2 protein chains.
Amino acid sequence: MEGQPTLRLRIFDLNCWAIRYLSKRRQERVQLIGDTLRREGFDLVLLQEVWSEQDYSDLRVKLAGCYPFSHYFRSGVIGSGLCVFSRFPILDTLLYQYSLNGYPYMLQHGDWFCGKSVGVSVGATAPLLSLSLQLHAEYCREKDAYLPHRLVQAWELAQFIRHTSKAADVVLLGGDLNMHPEDVGIRLLRGWTGLRDAFAEAVRFEGCKNGCTLVPDNCFTDKSELLPFPLGIRIDYILYKAISSFTVKCEELKTTTGPALGTDIPFSDHEAVMATLHVQRQGQPVGATLGAADLVLADVVTEARTEVGVGLRAAQRQRYSSGRMAVLALLLLLLQAAAALGTLAGLGAEQPFPKLSFCLLAFLALGVLVLATGLHLFHTMEVKMLHSTEDQMWMALRALQERP
Amino acid sequence: MEGQPTLRLRIFDLNCWAIRYLSKRRQERVQLIGDTLRREGFDLVLLQEVWSEQDYSDLRVKLAGCYPFSHYFRSGVIGSGLCVFSRFPILDTLLYQYSLNGYPYMLQHGDWFCGKSVGVSVGATAPLLSLSLQLHAEYCREKDAYLPHRLVQAWELAQFIRHTSKAADVVLLGGDLNMHPEDVGIRLLRGWTGLRDAFAEAVRFEGCKNGCTLVPDNCFTDKSELLPFPLGIRIDYILYKAISSFTVKCEELKTTTGPALGTDIPFSDHEAVMATLHVQRQGQPVGATLGAADLVLADVVTEARTEVGVGLRAAQRQRYSSGRMAVLALLLLLLQAAAALGTLAGLGAEQPFPKLSFCLLAFLALGVLVLATGLHLFHTMEVKMLHSTEDQMWMALRALQERP
């Protein structure tokens, strides 16, 4: 950015909802997204939920002319679904996988299998750090069992940004955070990193009311989920901050509003977010922006820590009950082994030995043992990570309180 | 470090081999380590394989006076085993868990259960980034099935250091890398990060010959493993680099040599590594140290990428065979279901239905199905991560070749 007094960056962010065999009219939509991106010529495109590598390859071929640099982030069983297309060279990439991401046995909520991550690319509009990401979905707002996991993810993301962005000039984050603007997770992320919300800062805004990105008007959204929110909800964000001697201003923010130009379908069940940012070099390095808001931040960290604590106690209970189940199954198996040995030794020979039900019971006990042991191991890891996050948040609180 | 022309840092690094119920004379040794650390008063202590949180708590209580700041890194089922004690405040911590770390079904090689990680603490001898870590163990040097995983870890570690250390003045890494000094993984780590080996750079050295940290003289080491290496091997390292306008020099490096002072036992099955570093502010920021060695580095990355490719093909084969096994088990189950339905419908009623063996077979098939599906999912993740690392290495090679 040296020598360039002002840089205008146009950014496109979209959760593409491109799940093979499951997402409606997927190929048509991916083609549509590709056509629009080629026509509009953004500087940086951050996409989520591109689960099929074939879709990414098709996009890459189509966009090779205007976005010569791209990267697909692989992780988990299915993949992270994250990819980035850029008009500027991508110098380096890094993937950070969250330590907690739901439960493998919640097959209907496939989050665990995706290996949700944050994909970082270091751009050569040097140094620009851009992050594309998705956090754990919220399936039920009233009784959100995944809130502690999402908070751990928000915390890890915030820590990751703090540690990786120190030498960058500008940090850009685009993604589906699966959190409403006032949720504790997003306040934590913004407060702990100093990232600013493009929607709140934009000079001009155009698009769905309140910047919503999941709206009832979209033909692919689940209308029943949005009943409590007649205007829709805002869960896709573009956040940014300038680190060193730069300033970033959001000139314009737009969202799509339903069907794409000249078609009858929208890009996805989410609306796309598009920001135009002005990056300008300043004479003086910008000081730490946190200072004044420390008290508010301490409250946010405390609130998040309480929620993580709730999750920790739930995980401890689940670890305990799966452990107890495993022990009971093991005892049953031992009892059966003793009975079988007794029969072999000729005890109770006057009664016929019920081979079939004996075998059925043994297999059942074995099945329960394997399953319960697996669950116990999984919840042990969950307890460790929640505990570790609680500790880190405590350290952060202490640091906040000790600041002059 | 502002205003302090020279800072002398004394660092202690040890793989403590403190596994509950398994490690010999564990409590005695942990006590001994604590006593020594208290007496010697290092500036920074990096410990690995402290698997029991109780041991950490005991050490913390004992060392509270001379090392008021400490952190224990939790991860995986058992824990990362990493902890750090410091004379200077620890401002922040971060844990990065490697994406690949062995196989859960290799129970005899417990690596998977440890959630091996690198623990980062940001010290207030500001900014000093210190990393404590352990990589996947090498169980058989001749046929090292874990080499691709260890290389992925070395690569992720190198990438992590590059991204997190940009604003630090000094990076310090201490740990059990489970690699010999000339191994490709260590050349990759050193080449890609610019870290320097304290043993090679030290003005004075005192300790086991060649700086070995796993020596036949130690009463806890497995003598048969060390037969091809009569002097022992060096797998524990202290590496460092200065980033901004600082220089770091290693004044002295020491290793322990068997039994600790005044006792009949050593600290661990590994020897401890102790370095005295001189950190000095320079007038001019130090330029990139890589430049000249780019060609050598490209060779190292190519070599590592070849090994990762070998691992990728092995993982693909395993994914294929576990998938095939799952499909076969499913077919068997379907066949059995058809036979059972046929019997219920009265077909073949003239023959007695073999209930017991039928049940046994069904449970066997179900067991194989569950197991093979689990393996298939695991190897799918493995393929994704190996593939992703191969891609990243390719990007790095391209960047190296394009440098002027």
Side-chain angles (χ1 to χ4, degrees), chain A residues 71-80 89-97 99 104 113 115 117 120 122 127 129 156 159-160 162-168 243 355-356 358-360 362-364 366-367 370-371 374 376-378 380-381 383-389 391-392 395-396 399 402, chain B residues 71-80 89-97 99 104 113 115 117 120 122 127 129 156 159-160 162-168 243 355-356 358-360 362-364 366-367 370-371 374 376-378 380-381 383-389 391-392 395-396 399 402:
Chain A
H71 190 77
Y72 187 73
F73 296 93
R74 289 187 188 83
S75 85
V77 179
I78 306 171
S80 71
I90 294 172
L91 295 182
D92 202 352
T93 63
L94 184 67
L95 186 83
Y96 182 87
Q97 210 168 326
S99 62
F113 292 91
S117 322
V120 183
V122 182
L129 198 77
E156 288 181 349
Q159 283 286 77
F160 183 74
R162 277 165 67 96
H163 284 275
T164 52
S165 64
K166 280 184 180 148
I243 311 266
K355 272 187 205 161
L356 181 65
F358 189 85
C359 270
L360 281 176
F363 273 109
L364 192 72
L366 196 70
V370 169
L371 215 73
H376 184 71
L377 292 181
F378 181 82
T380 303
M381 285 197 262
V383 165
K384 282 241 187 309
M385 297 324 299
L386 286 164
H387 202 160
S388 159
T389 305
D391 269 9
Q392 282 184 36
M395 196 183 274
E402 278 172 7
Chain B
H71 190 77
Y72 187 73
F73 295 93
R74 290 187 188 84
S75 84
V77 180
I78 306 171
S80 72
I90 295 173
L91 296 183
D92 203 353
T93 63
L94 182 68
L95 186 83
Y96 182 87
Q97 209 168 328
S99 63
F113 292 92
S117 322
V120 184
V122 182
L129 197 78
E156 288 181 349
Q159 283 285 77
F160 183 74
R162 278 164 66 96
H163 284 275
T164 54
S165 65
K166 280 183 181 151
I243 310 266
K355 272 189 203 159
L356 182 65
F358 188 87
C359 270
L360 281 177
F363 274 108
L364 192 73
L366 197 68
V370 169
L371 214 75
H376 184 72
L377 291 181
F378 181 82
T380 303
M381 285 197 261
V383 164
K384 282 243 187 308
M385 297 323 298
L386 286 164
H387 202 160
S388 158
T389 306
D391 269 10
Q392 282 184 37
M395 196 183 274
E402 279 172 7

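Quick note on labels: first sequence line is chain A, next is B, and so on, each numbered from 1. What you see is a predicted model, and the numbers here were worked out from it, not measured in a lab.
Between B:R74 and A:V383, the closest side-chain pair of non-hydrogen atoms is not below 4.5 Å. Inter-residue side-chain proximity for B:H163 and A:T93 is flagged as unmet; no heavy-atom pair is nearer than 4.5 Å.
For B:Q159, the parts lying under 4.5 angstrom from a heavy atom of chain A are both the backbone and the side chain. Of the two parts of B:H71, only the side chain, counted from C-beta on, holds a non-hydrogen atom closer than 4.5 Å to a non-hydrogen atom of chain A.
A distance of 12.0 Å separates CG of B:L95 from CG of A:D391, quoted to the nearest 0.5 Å. Note that the CZ atom of A:F363 and the SG atom of B:C359 stand 9.0 Å from one another [nearest 0.5 Å].
With sequence neighbours excluded, the residues forming a side-chain contact (heavy atoms from CB on, under 4.5 Å) with A:F160 are A:L94, A:Y96, A:V118, A:V120, A:L131, A:T164, listed by chain and number. Every side-chain hydrogen bond (donor to acceptor under 3.5 Å, both in side chains) that B:E156 has, sequence neighbours left out, goes to B:S99.
The candidate from A:S388, A:A396, A:G367 with the greatest count of non-hydrogen atom pairs under 4.5 Å with chain B is A:S388. Of the residues considered (A:L366, A:V370, A:L377), A:L377 shows the highest number of contacts with chain B, using heavy-atom pairs under 4.5 Å. Comparing B:M381, B:H376, B:M385 by how many heavy-atom pairs each has under 4.5 Å with chain A, the most go to B:M381.
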